[in-house]
Amino acid sequence: MNGVDRSAPAKAAPLRVAALASGRGSNLAALLAAHERGDLPVDFVLVASDRADAAALGIASAAGVPTLALNPRNYPRRRAFDLDLFERVAASGAQLLVLAGFMRVIDARALQPWLGRAINIHPSLLPKYPGLHTHRRALEAGDREHGASVHYVTAELDGGPVIAQVRMPIEPGDDEQTLAQRLLPLEHQLLVGTVAAIAAGRLALRDGGILHDGQGLTAPLQWRDGALQAG
Ligand code: GRF
């Protein structure tokens, strides 16, 4: 023996994560901050954007994560852009792709290799309110509760299997802005908690359904008291 204990189990390499973001990047910042604190044992390998001026790119660079901006206008059609973007994400070695405020519908063919390996954060209790203006729509519907969802990405906008949600009450006097302000920090916790669970190998997409700790989920997990809990 040369002093190395060969009986010790090999430590699994951290999950390689890429993110796509189009805008301010607060969800990305939450992921990077959790990583910095030691609460999210993953490797961030790439942050890419469809907008060169996205604040998310500056946040990634400041954290030492490689960045990429591709302009959709330089491609003849949406599919060509999506295929190029997703090929570059694959080339980064990413095993998980996090859509953190990526404001584009993704072509089904580009997405195909990523089914079960790409997640998105959406500010509503899906299946309610896919698409835009979720806070306004929750208020207009007279909902008493609002929230955010993390789901596996499919070609259907905000339509993939929902992994986990966070809920909060709508208070009298709430408007779009107050809802957005109260929900955002909860979104951040939900996203960090869900990525951590994926990195720990606790979640998987199988035959269109979600496995959590090897058991089929019948309802989304709920983020409560700082942890993901069965609904
Ligand atoms: C968040 O509300 C997220 O749920 C939605 O887009 C917004 C992105 O915000 N998909 P940020 O860029 O992460 O601050």
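One-based numbering along the sequence shown. Side chains included, hydrogens not; waters and symmetry mates left out as well; all remaining heavy atoms used. Start at 1 and go down the list; that is how both ligands and their atoms are numbered.
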* Output yes when R109 and D82 qualify as a salt bridge under the 4.0 Å nitrogen-oxygen rule, no when they do not. =>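 A salt bridge is absent here (no side-chain N lies under 4.0 Å from a carboxylate O).
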
Could you tell me if [Y] and [X] have a donor-acceptor pair between their side chains, going purely by distance under 3.5 Å?
X: H146; Y: S124; value: no
X: R167; Y: Q222; value: yes
X: Q189; Y: W223; value: yes
X: N120; Y: D158; value: yes

Among all protein heavy atoms in this structure, tell me which lies nearest to [atom], with the distance rounded to 0.1 Å.
atom: atom 11 (P) of ligand 1; answer: S26 N, 3.4 Å
atom: atom 3 (C) of ligand 1; answer: E187 OE1, 3.3 Å
atom: atom 6 (O) of ligand 1; answer: G101 CA, 3.6 Å
atom: atom 9 (O) of ligand 1; answer: R24 NH2, 3.2 Å
atom: atom 10 (N) of ligand 1; answer: I121 O, 2.8 Å

* **F86 reachable from Y75 in the ILVMFWY side-chain graph, under 4.5 Å edges** =>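 Yes; F86 is reachable from Y75 via cluster members.
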
* **Numbered atoms of ligand 1 (with element) below 4.0 Å of N27, judged on heavy atoms** =>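 Contacts of ligand 1 toward N27, numbered from 1: 1 (C), 3 (C), 9 (O), 11 (P), 13 (O), 14 (O).
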
* For G25, atoms of ligand 1 separated by under 4.0 Å from a heavy atom ->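 Those qualifying, in numeric order: 11 (P), 12 (O), 13 (O), 14 (O).
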
* Can you find a non-hydrogen atom of P123 under 4.0 Å from ligand 1? -> yes

